[in-house]
Amino acid sequence: MSNLAERIAENVAEVRGRIAEAARCSGRSADDVTLVCVTKYVGDDETRALLAAGCDDFGESRPQQLFAKAEAFADEPVRWHLIGHLQRNKVRRTLPLVCLIHSADSLRLIEAIDREAAGFAKPIPILLEVNVSGDAAKHGFMPDKMDAVIASLGAYRHVAVRGLMTMAGRSTGIEGARRDFSELRRLRDAVRPNGPSNITLDELSMGMSGDYEAAIEAGATIVRVGSALFQGLA
Ligand SMILES: *Cc1c(COP(=O)(O)O)cnc(C)c1O
C-alpha cells in the first residue's frame with residue numbers, strides 16, 4: 001500500500017472509531033450514523049484510497065466538481081451526496097448522479113428538482129438545509145419559516161424529503177455547535193407531525209471534522225467529514 005493509501009486508511013479507522021464511540025455514548029449504534037466522506041479538497045488518488053478503505057458515501061459541495069468525480073468513478077460503487085448550494089440550471093445534470101441532495105435551500109430550487117424528477121422512476125431524496133445559526137453568509141431556510149415550508153411541500157410529489165441538514169455557526173466554538181445541532185433536532189421534532197406524506201424527516205445531516213461527535217450526541221444520522229480524513233498527507 002502506498003503511504004497515501006495507508007495514511008488515509010488510518011484516518012478512516014480513527015474517524016469510524018470516534019463515530020462508534022459517540023454513537024455508543026448516546027445510546028445508539030455506529031450503524032445508525034452514515035459517514036459521508038467529503039472529497040472536495042482532494043483528487044482522484046485520495047478518493048480511490050477512501051474507496052479502498054471501505055468508504056462508499058462521498059460528498060462534494062460544488063456541482064461541477066461532483067460531475068467530474070462522478071465521471072472519474074463511474075465504474076465504482078460510489079454513492080454521491082451533494083452537500084453544497086445547487087444552482088437551478090445544474091439540477092438536470094445533478095439528479096441522475098446523486099443518492100441524496102443535502103442542500104435544498106429554497107422552494108424555487110425544490111420546485112425545479114420536482115419538475116425534473118418527474119421523469120424518474122422514484123422520487124429524488126433531499127434534505128432541507130436550515131440556517132440555524134442565522135449566519136448571513138449561509139444558505140438555508142430560516143428556522144421560523146420551517147412550519148410554512150413543511151406545509152407547502154406536499155405539492156412536490158417527485159421529491160422525498162428525508163430530513164434536515166445544517167452547518168454550525170463559525171464563530172461560537174464547540175458549545176455553539178452543540179446548541180445549533182440541538183436546535184436542528186428540536187426543530188425537526190417540532191415540524192415532523194405537520195408534514196405531508198412525502199416527508200419523513202428521519203435524517204439529520206450535521207457535523208463536520210471539528211464537531212461530528214457533538215453532532216452525533218445531538219442526534220445526527222449523517223456526518224459530513226472532510227479534512228479529518230486527509231490529515232498528515234504531504
Ligand atoms: C466542506 C464541507 C464539509 C466538510 O468539512 P470538514 O471540516 O473538512 O470536515 C461538510 N459539510 C459541508 C457542507 C462542506 O461544505
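Counting convention: from 1, in listed order, for ligands and their atoms alike. Count residues from 1 along the sequence.
Close contacts of ligand 1 with Gly226, meaning ligand atoms under 4.0 Å from a residue heavy atom, involve 4 (C), 6 (P), 8 (O), 9 (O). Which parts of ligand 1 touch Ile83 is read off a 4.0 Å heavy-atom cut-off, strictly below it: atoms 11 (N), 12 (C), 13 (C), 14 (C). Using a 4.0 Å cut-off to heavy atoms of Ser227, the atoms of ligand 1 that qualify are 6 (P), 7 (O), 8 (O), 9 (O). Near Val225, with a cut-off below 4.0 Å to any heavy atom, the atoms of ligand 1 are 9 (O). Under a 4.0 Å criterion applied to the non-hydrogen atoms of Ser209, ligand 1 contributes the atoms 6 (P), 7 (O), 8 (O), 9 (O). Heavy-atom contacts of Arg224 reach the following atoms of ligand 1: 4 (C), 9 (O), 10 (C), 11 (N), 12 (C), 13 (C) (cutoff under 4.0 Å).
Ring planes of Phe58 and Trp80: perpendicular class, angle over 60° (limits at 30 and 60°).
Among protein heavy atoms, the minimum distance from atom 1 (C) of ligand 1 is reached at Lys40 NZ, 1.4 Å. Of the protein's non-hydrogen atoms, Met208 SD, 3.2 Å is the one closest to atom 10 (C) of ligand 1.
Ion pairing of Arg162 with Glu203 is absent here, as no side-chain N (NZ or NE/NH1/NH2) approaches a carboxylate O to less than 4.0 Å. Using a cutoff of 4.0 Å between basic side-chain nitrogens and carboxylate oxygens, Asp211 and Arg178 are not scored as salt-bridged. Under 4.0 Å is where a charged nitrogen must lie from a carboxylate oxygen, and between Asp57 and Arg79 at least one such pair does. Ion pairing between Arg115 and Glu111 holds under the 4.0 Å rule for side-chain N and carboxylate O.
With no hydrogens or angles considered, no side-chain donor-acceptor pair links Glu46 and Thr39 at under 3.5 Å. Side-chain contact, Ser103 with Glu129: no donor N or O sits under 3.5 Å from an acceptor N or O.
Looking at Ser61 against ligand 1, only its side chain comes within 4.0 Å, counting heavy atoms. Only side-chain heavy atoms of Met167 come within less than 4.0 Å of ligand 1; its backbone N, CA, C and O stay farther off.
Distances from ligand 1 to the non-hydrogen atoms of Tyr41 include at least one value under 4.0 Å.
Residues Val33 and Ala23 come closest through the heavy atom pair CG2-CB, 4.5 Å.
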